[in-house]
Amino acid sequence: MAEVTTRTAPPAPVLVEPGTILPGRARGAVPLRREGPSKLTGAARYTDDLVVPGAWYGATIRSTDARARFSALDLDPAFDWSSVVVVTAADIPGENIVSSIKADQPILVPLGGEIQHHAEPLALLAAPDRATLRAARKAVRVRTEPLPPVFDPLESDHVFAAYEIAAGDPSAAFAAADLVLEGEYRVGHQEQLYIENQAMIAVPEDDGGVTVTGSLQCPYYVHSALKLGLGLDDREARVVQAETGGGFGGKEEYPSVVALHASLLAGKAKRPVRMIYDRHEDIAATTKRHPAIVRHRTGVTHDGRLIAQEIEVVMDGGAYCTLTPVVLSRGALHAGGPYRCPNVRIRARATRTNTPPNGAFRGFGAPQVEFAAETHLNRIAEALGLSPLEIRRRNIYQLGDTTPTGQVLRESVAAGEVLERAAEASEFERLRVQRVAAGQDRSGTGTGAASGSALLTGRERFASGVGLALAWHGAGFTGTGEVKLASVAALELTGEGAIRILTASTEMGQGSKTILPQLVAEVLGVPAEWVEAAAQDTAVVPDSGPTVASRTSMVVGGLLIKAAQRLRAEVESATGGSFAATYRDFAHSHGPRRIDQRFEPYPDTAFDDETYRGDAYPAFSWAACVARVDVDLDTGEVLVRDVVAADDVGRVIHPVLAEGQVEGGTLQAVGYATIEEIKLRDGRYLNDRLATYVIPTALDAPRITTILVEAPFSGAPHGAKGLGELPMDVGAPAVVAAIADATGAWITDLPASPERILAALADAPAVAPPRAGASEPAPPPEPGR
Amino acid sequence: MPVEPPITSPRTLADAYAQLAEGPVTPIAGGTDLMVSLTGELGEPPERMLDLWHLDELRGIALDGDSLVLGALTTYTDLRRSSLCREHVPALVEAAATIGAAQIQNRGTIGGNAVNASPAGDTLPVLLALDATLVCGSVRGERDVPATAFWPGYRRTALAPDELLVRIRFPLVAGRASRFRKVGTRRAQSISKVVMALAYCAGTDGGLWTDVRLALGSVAPTPIRASATEAVLEGRPPIPAIAELAAETLAAELHPIDDVRSTAEYRRVVSARVLHRLIREAGGW
Ligand SMILES: Cc1cc2nc3c(=O)[nH]c(=O)nc-3n(C[C@H](O)[C@H](O)[C@H](O)COP(=O)(O)OP(=O)(O)OC[C@H]3O[C@@H](n4cnc5c(N)ncnc54)[C@H](O)[C@@H]3O)c2cc1C
């Protein structure tokens, strides 16, 4: 064979300096994400990347019982304990409580105390190196006396929270209804699966205080926890956020535990301690989305109008209260879905089980109840022979409608807009009608195979379907939450003439570091790069509230805009020139100036936490989603091919980041709908590893088309409402509706795993009722990717 | 908390054999299974490791008489790129394409898959269905082990502690067709719930199948051949009645278990349906 002699010269290698990125073919994102280049090039330093000379390694000794009395901690006398620090509850200088809504969760279970779940921390170890630490762990033995555990939230009589919302006269309305449909829906745990595991480094200070640096969402939550647990004052406890690799709610409350543990060890060892979880420990021990059981009973008229809803929501809180009351509250308030219904009764409760505590996760109670509400509505549409689009058109909230809490929707109602946009862009109605007309053969006959086989062989392999769902999501904190928080954000013009934002709002991948300066720059009339943001360090920044509840752009962004307006007015009236041209001179002549802007209640909104009447949220965001799936009828595997998402966010600040939120949330919802499942045995998670807790990969991701809708909210100076959680509410019911459209089977328990789909197809008649006018052939399924 | 065990990197097979003869040492090829065990979470990590990566004697894809021979260090990427493999062992190429994702395929080897002996190892049913021979070597010389004898029990192989898997030989059989399907937990980075390989010779006399081999993974403690089902298919054509009978036979022949990835019932039913589908596709009806 002849040698190949002609060669084109390879392109010259390109060297990329750390921290820079080259122009690529990606869509221009202006402004670029502030921390994007350093993350992209690997220059960003996450907690475990931080070098702290002399730091020891920490580990947690956990329970292996779901419920038990903690009777003894045996340290093997044969082991050399001289270079190991052991911390138990007796070493806790402050209160043995992880500060949260209720004072029920201990930092460490005391000897003689009651263990409430399988991964509960009992003691802590620190050692100079990992090998010693590992050996020390093996030399610890925990002795317990088992107690009977409770695993079923329906059976538990320990209620963390309960709410009731009532409107109209449901009994009378049910009696008058043309059709009453009941359904029960169940959703399981979901793991946030941030890329970076929980991580904290605690450094003891000379004054008896402690500085913790770590991966977290809410610096001031951790700050409160350190003050309570270690008996420190505001100044002695200092919390600094390191670069954080994702949170999704999973770093809202749990970092308090990790920070307390690291600090206790550091205090006793008198040196820095690194507490870095590996993935196994992270999945096994940290909070998950609350499982829920939701029961619906709905009365409708023949033409598909909702006239009565009775909804019962039961959430599984796990072993401790954590944020459960607030999650449940949001669940109760969203349970009816974005639909007008005059007669409603919603009862919600969350109970304790002996499983690891559940907590915050993107959506915060809404995805659970909206999966139930949307699936139930889709089944009502099917029962009435109505299109899922049409039944929504007849019931969605319009301007001026009243919600079950008596809240009048006076502005920013975009349910119809997102619904029509998503339906139009996805050609929902055309696809649905085409599928119905084709009467897609689900029967397995017509192939020459023996039909009626118990194994259901002989069918066409793939069935495709299309599904629609709609959601609402209350923007910001529930009820009086924001008023109670009384957040402060500050804007500073330093003596050197730098413009600096001071907030505790953290960047964890969602883009707050980029958009907050953008908002300020716009008001000041300067380029975004001129605006700096101070580090999220409790010694430096005020408490602008937790970075949760999709509130950062809307609430903190709003505060900063007001602060910027004040700063601009002050500078311009003093100098007589434009802010951009004169602020440096102003700074030099007047010295530093800092403006603290405190949250003020939105005008004309009131909510009664006792009666659950009034304005539950200042505004709602709205989302519609159309999903197309192919189901492999041999295996029950689902390929979500295509998703069209229309999301109303009030105002889009940064289109690329906004689309990123919709895409990421949609993919998380696709995982929730199809494959993400925590399996439990005796209160322990069986699949607490990445090999067994599976989330969608790039190949499992659908093509996602995002449509951003803007229905501004007047209470925020820029009109923005929340976005982060919204797409998580709507994806799962759309996918499940598409599976039902494809197969005829409604999967009422999430995830709609292949096992559940096959079981449903075996139980239910696999044959869809033949529909009239079958003429057009179904489009051939695209080959699986 | 990884603590790295000491490792040596011999340059010749003879040196590697000598080190193995000296004492307990764990070979590491691509490391895609072994590195996971270094965390110590899933059992004791190895004490000492022997790096095979520089042993070119364990590489190469070549025809040798009436066999196709793959070195134990052949990676999945090598397999996917090889025209010899595509021509003679297409089911193996298909299996390679389903393993992990690009990074794992660049590094993971067929030898590592075989010796790791996971019941969910995706190439194992293919080795069984294609009558592969695994060549094992040590200071004592080489010996052949047929695939049917290589996995005697759960996560065990026929290798002696001082032996390496050197190469894998596939007999070239005229007119043999082979098919593969994996049902996993998702579309990439996925561990099998059911994995199946089917091989047969389709005669010219009315398309009767002979030398039928049906092998499965993830349905038993080891990869297995489904001999009762093979008997149903042997000497018969791929027609609906035979497919149905084969599917029913397979469903009765398998005794899978419930585990964290799936259920016994799912595995049984899906195995039968996938077999039915493969026969139907081969039969063209
Ligand atoms: C993210 C990920 C995804 C994966 N996906 C899949 C998948 O889809 N399907 C699948 O089947 N597997 C999968 N695996 C497992 C693994 O990649 C394969 O089993 C691979 O073939 C192992 O090969 P290796 O060369 O990396 O083996 P190594 O890890 O180097 O070794 C594995 C075992 O074999 C022994 N060994 C290796 N070579 C020899 C030899 N020549 N002689 C004697 N002993 C030897 C080692 O001592 C060790 O016990 C995955 C692994 C990861 C981490």
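Scope of the values below: all heavy atoms of this structure, side chains included, with no hydrogens, waters or symmetry mates. Here is how names work: the chains are called A, B, and so on, in the same order as the sequence lines, proteins then strands, and each is numbered from 1.
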S.K.: Just wondering, are more than 12 heavy atoms of other shown residues or ligands nearer than 6.0 Å to CZ in B:R81?
M.R.: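 No - once you tally the heavy atoms of other residues, nucleotides and ligands closer than 6.0 Å, there are 12 at most.
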S.K.: Tell me whether B:R187 contacts the main-chain N or O of A:P696 through its side chain, where contact means a donor paired with an acceptor under 3.5 Å.
M.R.: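 No; zero donor-acceptor contacts below 3.5 Å.
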S.K.: For residues A:T697 and B:A188, report the shortest heavy-atom separation together with the two atoms involved.
M.R.: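 That would be CG2-O, 3.6 Å.
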S.K.: Looking at B:K182 and A:E637, is there a salt bridge between them, counting it only when a charged N and a carboxylate O are closer than 4.0 Å?
M.R.: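 No.
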S.K.: Name the region of A:I675, side chain, backbone, both or neither, that has any atom closer than 4.5 Å to a heavy atom of chain B.
M.R.: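 For A:I675, side-chain heavy atoms alone lie under 4.5 Å from chain B.
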S.K.: Can you tell if the side chain of A:T635 reaches within under 4.5 Å of the side chain of B:V274, non-hydrogen atoms only?
M.R.: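 In short, these two side chains touch, coming nearer than 4.5 Å.
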S.K.: Mind running salt bridge (Lys or Arg N to Asp or Glu O under 4.0 Å) on A:R130 and B:E4 for me, showing each step along the way?
M.R.: CA-CA 11 Å; A:R130 290 180 157 131; B:E4 241 172 61; over 6 Å; no
S.K.: Heavy atoms under 4.5 Å from chain A: which residues of residues 97-111 of chain B carry them?
M.R.: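 Residues in range: none.
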S.K.: Check whether more than 12 heavy atoms from other residues, nucleotides or ligands sit under 6.0 Å from atom CZ of A:R681, and answer yes or no.
M.R.: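 Not buried by this count: 12 neighbours or fewer within 6.0 Å.
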S.K.: When you look at A:K138 and B:E44, which way does the salt bridge (Lys or Arg N to Asp or Glu O under 4.0 Å) test go after all the steps?
M.R.: CA-CA 12 Å; A:K138 286 187 185 150; B:E44 283 304 305; 3.5 Å; yes
S.K.: What is the distance from atom CG of A:D634 to atom OG of B:S271, rounded to the nearest 0.5 Å?
M.R.: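 Here the rounded value is 11.5 Å.
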S.K.: To the nearest 0.5 Å, how far apart are OG in A:S753 and CZ in B:R261?
M.R.: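 Spacing of OG (A:S753) from CZ (B:R261) equals 14.5 Å.
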S.K.: Sort by residue number and list every member of residues 213-220 of chain B having a non-hydrogen atom under 4.5 Å from chain A.
M.R.: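 Not one residue of residues 213-220 of chain B has a heavy atom under 4.5 Å from chain A.
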S.K.: B:A251 versus chain A, heavy atoms under 4.5 Å apart: side chain, backbone, both or neither?
M.R.: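 Side chain only.
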S.K.: Does the side-chain contact (heavy atoms from CB on, under 4.5 Å) test come out yes or no for A:R461 and B:E281, once each step is laid out?
M.R.: CA-CA 11 Å; A:R461 182 167 166 198; B:E281 285 167 3; 4.1 Å; yes
S.K.: What distance separates B:T185 OG1 from A:I695 CD1, expressed to the nearest 0.5 Å?
M.R.: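 Rounded to the nearest 0.5 Å, the OG1-CD1 separation comes out at 11.5 Å.
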S.K.: Which answer fits A:R689, side chain, backbone, both or neither, if we ask what part of it has an atom under 4.5 Å from a heavy atom of chain B?
M.R.: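 The answer is the side chain of A:R689.
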S.K.: Kindly indicate, with the supporting measurements, whether the criterion side-chain contact (heavy atoms from CB on, under 4.5 Å) is fulfilled by A:L758 and B:V270.
M.R.: CA-CA 9 Å; A:L758 281 205; B:V270 165; 3.5 Å; yes
S.K.: So what's closer than 4.5 Å to chain B heavy atoms on A:I276: side chain, backbone, both or neither?
M.R.: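 A:I276 has no heavy atom closer than 4.5 Å to chain B.
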S.K.: Given heavy-atom pairs under 4.5 angstrom as the criterion, report whether the side chain, backbone, both or neither of B:R181 touches chain A.
M.R.: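 Side chain of B:R181 only, per the 4.5 Å heavy-atom cut-off to chain A.
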S.K.: Looking at every heavy atom in both B:K193 and A:P754, which two are closest together, and how far apart are they?
M.R.: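 Scanning both residues completely, I find the closest heavy atoms to be NZ-CG, 3.7 Å.
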S.K.: Please round to the nearest 0.5 Å and tell me the distance separating atom CD of A:E676 and atom CZ of B:R186.
M.R.: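 Between A:E676 CD and B:R186 CZ, I get 9.5 Å after rounding to 0.5 Å.
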S.K.: Going from OG1 on A:T692 to CD1 on B:I191, what distance comes out if it is rounded to the nearest 0.5 angstrom?
M.R.: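 It comes to 7.5 Å.
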